[in-house]
Amino acid sequence: MNPDMAAHFVRQTVESHDTWMAEVAEKAREHGETILEQHRRVRAAANKRGVTYRVEAQLPPDILGIYIFL
């Protein structure tokens with residue numbers, strides 16, 4: 001990919017941040033809920049002591065590389 005085309009795609013991705021970030025954030029929340037359920041099952045199977053656990057998605061999610069969207 002030539003540099004001009006790459007710059008164009010990166011610019012489009014950054015400018016549409018609000019559109020795709022909402023979906024990424026929702027996926028992060030869903031993943032957090034899945035992890036919480038897994039932890040609850042493991043803890044319940046290991047020992048019932050009345051301890052509660054909570055997992056929270058840390059939003060906004062870190063985006064390590066915009067190139068993923070290319």
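Throughout, numbering of the chain's residues begins at 1 and tracks the sequence.
A distance of 9.0 Å separates NE2 in H8 from OG1 in T13, rounded to the nearest 0.5 Å.
Remark: Q38 engages T34, I35, R41 in a side chain to side chain contact (heavy atoms under 4.5 Å, CB included) (not counting sequence neighbours). Remark: R11 pairs with no residue by the salt bridge (charged side-chain N to carboxylate O under 4.0 Å, His left out) rule, at least two apart or across chains. Applying the ring pair (Phe, Tyr, Trp, His ring centres under 6.0 Å) test to H39 and every residue at least two apart in sequence or in another chain returns nothing. For E37, the side chain to side chain donor-acceptor pair (under 3.5 Å) partners at least two apart in sequence or on another chain are R40. The side chain to side chain contact (heavy atoms under 4.5 Å, CB included) search around E56 returns R54, Q58, not counting sequence neighbours. Checked against side chain to side chain contact (heavy atoms under 4.5 Å, CB included), N2 has the following partners two or more places apart in sequence or in another chain: D4, M5. In this structure, the salt bridge (charged side-chain N to carboxylate O under 4.0 Å, His left out) partners of E26, at least two apart in sequence or on a different chain, are R29.
Scanning all heavy atoms of the two residues, the minimum distance from L59 to A28 falls at CD2-CB, 4.0 Å.
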